[in-house]
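Per chain, numbering begins at 1; letters A, B, ... match sequence-line order. Hydrogens, waters and symmetry mates are skipped; everything else that's a heavy atom, side chains included, is used.
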Amino acid sequence: MSTLPDVDALRQSFPALAQTVYGKPLIYLDNGATTQKPLSVINRLKQYYKAENANIHRGVHYLSQLSTDAFEKARASVAAHINARQKHEIIFTRGTTEAINLIAHSFAQHLNKNAPKVLITAMEHHSNLVPWQQWVLQNGGRLMVAGLKPDGSLNMEHFEALLEEQPDIVAITHVSNVLGTVNPVKAITSIAHARGIPVLVDGAQAIAHMPVDIQDIDCDFYVFSGHKAYGPMGVGVLYGKEVWLDRLPPYQFGGEMVDRVSFDTTTFNELPFKFEAGTPNVGAVLALETALSFIRKTGYEAIAAHEHNLTSYGHQLLSRVEDIEFYGTAPGKEAVISFNIKGIHPYDLGTLLDKMGIAVRTGHHCAQPLMDHLGIPGTVRASMAVYNTLNEMERLAEAVNKAAMMLR
Amino acid sequence: MSAEQAQQQIIEEFSAYEDWLDKYNLLIEMGKDIPVIDPRHKTNNHLINGCQSRVWLHAELRDDGKVYFSADSDAVITRGMVSLLIRVLSGRTPDEILNTNLHFIDAIGLTEHLSPTRSNGLVSMIKQMKLYAQVFQLKTKN
């Protein structure tokens with residue numbers, strides 16, 4: 001059995017958790033949207049703006065060198081965190097959405113073909129759907145969507161059948177933000193590569209919960225956001241294999257990404273700078289490094305063990321609520337519980353939970369096609385993080401019961 | 001009863017409750033008394049945009065020169081909110097509707113729902129009701 005984290009001690013370092021809302025202690029279960037931040041991350045941001053702020057890669061002066069060094073050290077640290085071969089395979093973006101847009105845009109330019117085909121799954125977040133969809137729509141192509149099984153896991157037979165139609169790229173989420181399903185991205189990459197098809201993995205919902213080894217998965221692109229992994233907003237990571245990043249054209253122009261500019265032409269800087277136009281969010285990058293180090297210090301194994309307990313206990317308690325329906329029950333699912341109560345609108349349930357101090361998300365969770373697929377307008381989603389407690393799951397179940405009684 | 005008196009009455013009814021859940025319970029109960037929209041008007045044409053739940057709103061100008069609203073929603077809290085608006089604004093002339101400042105929303109503590117980023121669409125509902133009044137006002141003046 002793996003060691004569990006000392007959650008009580010851990011909570012002390014999350015100031016946002018120690019507040020009351022509507023006179024009730026806050027129970028924060030919207031971690032799939034964004035996690036709260038530990039003091040170490042908050043202090044890192046503060047420290048940067050207090051003592052290190054300067055634009056990077058440009059100045060000859062002391063502070064500029066200091067922040068440039070810190071920035072490049074953060075890049076190496078992120079590379080090590082996901083076991084990338086080289087630090088220049090790490091590109092800092094504003095977030096997952098920008099990272100996917102970058103690849104979709106540059107990949108489209110690189111391929112430059114009519115009727116492109118992109119293979120995704122029915123559980124994609126809009127961010128890993130709309131950028132591809134817009135590309136194929138503009139070029140007479142096709143978005144191919146692999147279906148799901150009733151438990152919310154990927155229908156692999158369907159996926160493999162679609163793969164035989166030779167899509168130009170596979171874009172798949174590592175973990176579903178609604179269902180919690182963990183996709184077998186390593187196996188998927190392997191069968192896609194066997195057909196010479198590159199793979200992008202959306203790791204937004206994975207990086208806070210499970211170790212990600214890029215060399216083991218062997219995918220061509222992996223993207224995630226800082227703010228869903230205890231880091232600040234406004235920073236994300238795009239990992240790309242060197243061969244791909246070398247091949248793809250830049251996405252945005254200006255700033256540090258150029259090598260030599262004249263009025264007639266421009267040559268572009270080398271990796272990773274080629275993809276980092278404009279001044280990056282330096283403070284956020286440094287704080288992201290701190291957030292990842294918080295995760296390593298806590299330990300993925302401990303995080304996963306605790307979150308698994310939270311999820312199964314939550315399921316167990318909530319399944320006693322009359323007429324409850326769960327969405328996503330695949331084996332090994334992540335710390336997400338999506339549900340509805342028959343005859344009750346998720347918005348009503350979420351509003352009353354909020355008044356009881358419980359923060360959940362209601363609605364379509366930026367996955368409208370998935371909601372259509374399930375035939376529902378939305379769900380109530382409780383998504384857990386390492387700082388949530390078993391007691392909070394009990395209070396969630398009590399509150400859901402109470403709200404359901406009011407709404408029936 | 002004037003629109004102002006209706007607002008005062010609502011404020012009084014809500015002031016009986018301290019706890020948020022009790023206030024919402026009252027809101028849910030009030031939603032049950034809503035003048036329900038005729039099923040044939042429950043179409044996409046009468047759907048209000050900007051709501052996480054679906055809200056249908058219908059308005060008619062009757063011979064007495066007053067506007068009568070009916071509505072429904074698939075969420076009961078939303079139905080409660082629209083029922084409050086109807087209590088204050090329905091059965092009034094277009095001028096009255098346009099000139100009514102809906103101060104009761106703030107007074108009963110539902111101001112948070114007025115934020116334009118809030119997804120329940122209270123703002124859209126009010127806008128739609130005032131829009132109906134504006135159209136009917138033009139009609140009656142011509």
Look up atom CG in B:N25 and atom NZ in A:K355, then write down how far apart they are to the nearest 0.5 Å. 14.0 Å
If you count heavy atoms of other groups shown closer than 6.0 angstrom to CD of A:E394, is the number above 12? yes
Side chain to side chain, A:M356 and B:L21, heavy atoms closer than 4.5 Å: yes
Please report the interatomic distance CG(A:D348) to CZ(B:R79), rounded to the nearest 0.5 Å. 8.5 Å
Does atom NZ of B:K32 have more than 12 heavy-atom neighbours, drawn from other residues, nucleotides or ligands, at distances under 6.0 Å? yes
Heavy atoms from other residues, nucleotides or ligands near CG of B:N44 exceed 12 (cutoff 6.0 Å): no
With side chains defined as the heavy atoms from C-beta onward, is the minimum distance between A:L352 and B:I77 less than 4.5 Å? yes
How long is the span from the OH atom in B:Y24 to the CG atom in A:L407, to the nearest 0.5 Å? 11.5 Å
Does atom CZ of A:R94 have more than 12 heavy-atom neighbours from other groups under 6.0 Å away? no
Just wondering, are more than 12 heavy atoms of other shown residues or ligands nearer than 6.0 Å to OH in B:Y17? no
